[in-house]
2 protein chains.
Amino acid sequence: MPAARAEGGGKSGPAKSGPTLEQVAARAGVGRGTASRVINGSPRVSERTRAAVQAAVAELGYVPNRAARALAAGSMDAIALVVPEQENRLFAEPYFSEILRGVSTELGDTDMQLLLTLIRDQRGRERFAHYAAAHRVDGVLLVSVHGDDPLPDLLRDVGMPAVLSGRRSHDEQLPYVDSDNLLGAQLAVEHLIGRGRRKVATITGPLDMYGARCRLDGYHEALRAADRASGPSPDERLVVEGDFTEEGGHRGMLELLRRDPEVDAVFCASDVMAAGARLALREAGRDVPGDVALVGFDDSAVARHMDPPLTTVRQPIEEMGRAMVRMLLDLMAGAHEHAPGQRRPEGPDETAGRSRLVLPTELIRRRSS
Amino acid sequence: MPAARAEGGGKSGPAKSGPTLEQVAARAGVGRGTASRVINGSPRVSERTRAAVQAAVAELGYVPNRAARALAAGSMDAIALVVPEQENRLFAEPYFSEILRGVSTELGDTDMQLLLTLIRDQRGRERFAHYAAAHRVDGVLLVSVHGDDPLPDLLRDVGMPAVLSGRRSHDEQLPYVDSDNLLGAQLAVEHLIGRGRRKVATITGPLDMYGARCRLDGYHEALRAADRASGPSPDERLVVEGDFTEEGGHRGMLELLRRDPEVDAVFCASDVMAAGARLALREAGRDVPGDVALVGFDDSAVARHMDPPLTTVRQPIEEMGRAMVRMLLDLMAGAHEHAPGQRRPEGPDETAGRSRLVLPTELIRRRSS
DNA sequence: CAGCATGATGGGAGCGCTCCCATACGCGGC
DNA sequence: GCCGCGTATGGGAGCGCTCCCATCATGCTG
C-alpha cells in the first residue's frame with residue numbers, strides 16, 4: 001500500500017518526512033556518524049562539532065525517524081501498556097486513568113512511546129503474546145493481572161522486560177509495583193473499631209486475587225489485635241466474599257444483614273462494592289453511618305459522590321504508574337548489561353532490589369464512618 | 001534531548017527477534033518479493049505459492065518487523081490518540097475510557113497500533129506538533145479539543161489526517177464525530193417540563209466550548225417550544241454558566257437558588273456538575289426530586305451512584321470512538337487515492353460526506369426527576 | 001507456429017538509522 | 001624528529017521490509 005500522503009502534497013513518494021540525519025550532517029559540515037553521535041549524546045565528540053550539529057538540528061527541525069532507528073538499533077523505543085479489558089470495566093475507572101496518567105508523565109521525559117493494548121479475549125491475548133515474543137516492543141506494563149494469567153510468565157520466557165501492577169502471590173517472581181493492601185485494610189478496620197463499632201464485617205474481593213486476599217488478611221489482623229485488647233472478636237460469619245462489583249456488594253450486604261442483623265460496620269474491599277452495600281442498607285432502612293458505618297477501598301470518584309461520602313483507603317495509583325515505568329526502564333537498561341566491561345553504577349543485586357515495590361496506602365476519612 | 005537509549009548498553013547486539021521475511025521465503029521455496037506479496041495480500045500470487053508461504057509463516061511463527069516495514073513503506077502503521085491532560089481530568093472519567101474502548105475495539109481488526117499521548121502543557125503540545133509534522137504517525141485522533149487549540153489546523157497544514165471528537169464550531173472544517181448535544185439537551189428539558197416543572201434552570205458548561213453552547217441551545221429550544229404551548233417561559237435569570245466541574249455545579253446551584261428560590265428543576269450540562277448541584281441542594285435542605293428535579297448529561301458512573309440516581313442524557317461514547325477510527329482509516333486510505341488510475345468505489349464526495357458524523361443522544365430516566 | 005499479451009516470480013535498490021572499523025590527527029616520550 | 005597511542009571523525013555495511021522492474025512461463029491471437 002502506498003504511503004499516506006495528503007493529495008495536496010503533490011508528489012506521491014513515500015510520506016513526506018522531515019530532514020534526514022544525512023542532511024543534518026551535511027548542513028553541519030560533518031559526517032553522518034558524527035551527527036548520529038551528537039544526537040545520541042555520545043561523549044566522544046568535540047564541543048565545537050556538537051554545537052554545529054545541534055544548530056543544524058534546530059535549523060532544519062530535524063526529528064529522528066523512529067522506524068529507521070528502531071530497525072538499525074534492534075530496539076523499538078516503545079513500551080506497551082496491556083490492560084485486560086474486563087478488568088478495565090470492573091476496576092473503578094479512576095484506577096486505569098490514574099495509572100495512565102502516571103505512566104504517561106514518567107514517560108514524558110523519555111522519547112519512549114506508549115503503546116496501548118486492550119486485551120479483550122483469548123484471541124487478543126494470543127495476538128499480543130505473539131507480538132511480544134517477536135520483540136515488537138522493548139518492555140511491557142501489565143495492569144491487573146489475574147493469578148492464572150499465562151502472559152507474565154510467557155513474557156519472562158521470551159526475555160521481554162515486564163512489570164506488573166499488583167502481585168499474583170506473596171512472592172511474585174516478576175517485577176511488580178503493588179500497594180500495601182494489607183495495611184490499608186488494617187487501617188480501615190482499626191478505624192472502624194476505634195469509632196466504637198463492635199460488629200465489624202467485611203465484603204471481600206474475589207479471593208483468587210492476591211490483592212483481595214491481602215485486604216482480608218488486613219481485616220483479620222486488625223480484629224485479632226483488637227481482640228487482644230478486648231475489642232470485638234473475629235467472627236467468620238461476618239466475612240462474605242464479593243467480586244468487586246456493585247451487584248456483588250449489594251448481595252454481600254444483604255447476606256450480612258441476614259446472618260447478623262446487628263452488624264454495625266462493614267469494610268468493603270472496593271468502593272464500588274461499598275456503593276452496592278450502601279444501596280442494600282438503604283433498602284433495609286439502615287442509616288449510614290448511624291446504624292452501620294461503611295468503609296471502602298480505592299478512593300475512586302464513586303467514594304466522593306456517595307451519600308454520605310465514603311470513608312475509604314487511598315492507593316497512590318498515579319505514583320504506582322510512575323514507579324512501574326521507572327522500574328521497567330531500569331529493567332530494560334539492565335537487560336543490556338551483560339557485557340561485563342561496562343561500568344555498573346551500584347551493587348550487584350541492585351536491579352533485583354528495585355524490582356519489588358510496595359507503596360503505602362492511606363485512610364481517607366469521610367462521613368460514612 | 002538525547003535518545004532514551006540504554007546508556008552504556010553499548011553492544012549486546014540488537015534484541016533477539018523472530019524470523020525474517022527472507023527466511024520465510026527460503027522456507028517456502030520462493031523469492032522474497034513473492035513472500036511479501038502473500039503476506040500483504042496482493043492478488044497476483046498463485047494459490048499454490050500462497051499456501052506454501054502461509055505454511056512457512058505458520059511454521060516459523062513469523063511476525064513482520066514493524067520498524068522495517070514502516071521504514072520501507074514510509075508509513076508508520078500507527079495512529080495517535082491525543083488527550084489534553086486537563087480535559088481528561090475534567091471530563092468525567094468514563095468519557096475517556098469509553099472512547100478508548102471504542103477506538104481499541106475498532107482498531108483490533110487492523111494491525112494499526114494505538115499510540116497514546118497525553119498532552120499536559122505547552123511544551124507537550126509543541127512536542128507533539130513537531131512529532132506529527134515529521135509524520136511519525138499516520139493519523140491522529142483528537143479528543144476534546146478547545147476552540148482555540150491550534151493543533152487541529154496545524155495537523156491539517158502538514159497533511160496529517162485527523163479526526164476530532166466534538167466540534168469547535170457548527171461548521172467545523174476538520175473531520176469530526178460529535179453527539180447530538182442540542183437534541184439531547186432539548187430532550188432533557190422537555191422531560192422536565194413534561195413532569196410539570198415550571199421553573200426550569202440550567203447550569204451550562206464553559207460557553208467557549210461548542211458542545212456546551214449546543215446544550216444551552218437545546219435548553220432554550222425546549223423552553224421556547226413549551227412557551228408556545230403555554231408552558232413555562234424562558235427566563236435568562238435561570239441560566240448560569242458553569243465549567244463542567246463539581247465545584248462549578250455547586251456554585252451554579254447556589255447562584256440559582258439565590259436568584260430564584262423557587263427553581264424547581266435544573267438541567268446540568270454534565271453529570272459531574274449535577275453532583276455539585278445536588279450537594280448544594282442538600283445543603284439548602286431541598287429534596288431531589290421533591291423540591292427540585294435534576295437532570296445531568298453524559299450518563300457517567302457518577303450519575304448511577306448519586307442519591308437519588310441521576311436522570312441524564314447518554315451519549316454513545318464507545319460508538320463515537322469506533323466511528324472516529326473508521327473515519328480516520330477512511331481518510332488515510334483516501335489520501336492515497338490521488339492516482340486517477342485506481343478504482344474508486346463510490347461517488348466523488350464520498351469521503352467528505354463521511355467526515356462529519358453526529359450521533360444521537362438519549363435520555364436515561366432515573367429517580368432524580 | 002511465430003508473436004505477443006498476461007500473470008507470476010525473483011531480486012535489486014533503497015528507506016534512515018546505528019554500529020563499528022578505518023582513517024586522520026595530535027601529542028608526549030625516546 | 002620519529003614512533004606509538006589515544007581521540008575525533010568519516011563512511012561502509014547492514015537492519016528487514018516494500019516497491020518496482022526485469023524475467024520467465026503461460027496461453028492466446030493471427
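Chain identifiers are assigned alphabetically (A, B, ...) following the order of the sequence lines, protein sequences preceding nucleic acid strands; residue numbering begins at 1 within each chain.
Considering only heavy atoms from C-beta on, A/I79 stays 4.5 Å or farther from A/L115 through its side chain.
Distance CD (A/E47) to P (D/dT7): 16 Å, rounded to an integer number of Å. What separates CD1 of B/I39 from C1' of D/dC17 is a distance of 10 Å, to the nearest Å. If you measure from atom CG of B/L21 to atom C1' of D/dC15, you get 13 Å, rounded to the nearest angstrom. In this entry the distance linking CE of B/M76 with P of C/dG16 reads 12 Å, nearest Å. One can place CG of A/N65 at 6 Å from P of C/dC17, the figure rounded to the nearest angstrom. The nearest whole Å value for the distance from the CZ atom in A/R69 to the C1' atom in D/dG16 is 18 Å. Regarding A/R48, its CZ atom lies at a distance of 16 Å from the C1' atom of D/dT7, rounded to whole Å. Regarding A/Q23, its CD atom lies at a distance of 10 Å from the C1' atom of C/dG16, rounded to whole Å.
There is a side-chain donor-acceptor pair under 3.5 Å between B/T105 and A/R120. If you check the side chains of A/T49 and A/R37, you find no donor sitting under 3.5 Å from an acceptor.
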Begin from the C-alpha positions of B/E47 and B/R50 and carry the test salt bridge (charged side-chain N to carboxylate O under 4.0 Å, His left out) through to its verdict. CA-CA 5 Å; B/E47 215 38 68; B/R50 178 183 310 280; 3.8 Å; yes
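Each of A/L141, A/L142, A/V140 was scored for a side-chain contact (heavy atoms from CB on, under 4.5 Å) with A/L164, with one residue passing: A/L142.
Note on the helix from C/dC1-D/dG30 to C/dC30-D/dG1: terminal axis deviation equals 50°, with five pairs used at each end and the result rounded to 10°.
Ion pairing between a basic and an acidic side chain is recognised when a charged N comes within 4.0 Å of a carboxylate O; B/R356 and B/E172 show no such pairing. Using a 4.0 Å cut-off between a side-chain N of Lys or Arg and a carboxylate O of Asp or Glu, A/R101 and A/E319 do not qualify as a salt bridge.
Taken from CG in A/L329 to CE in A/M324, the straight-line distance is 11.5 Å, to the nearest 0.5 Å. For the atom pair CE (A/M327) and CE (A/M332), the distance works out to 14.0 Å, reported to the nearest 0.5 Å.
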Shorter than 3.5 Å, N or O on both sides, protein versus nucleotides 4-14 of chain C: list them out with atom names.
residue, atom, partner, partner atom, Å
C/dT9, OP1, B/S46, OG, 3.1
C/dT9, OP1, B/T49, OG1, 2.2
C/dT9, OP2, B/S46, N, 3.1
C/dG10, OP2, B/G31, N, 2.5
C/dG10, OP2, B/T34, OG1, 2.7
C/dG10, N7, B/R37, NH2, 3.4
C/dG10, O6, B/R37, NH2, 2.8
C/dG11, N7, B/G33, N, 3.4
C/dG11, O6, B/R37, NH2, 3.4
C/dG12, N7, B/R32, NH2, 3.1
C/dG12, O6, B/R32, NH1, 3.0
C/dA13, N6, B/R32, NH1, 3.4

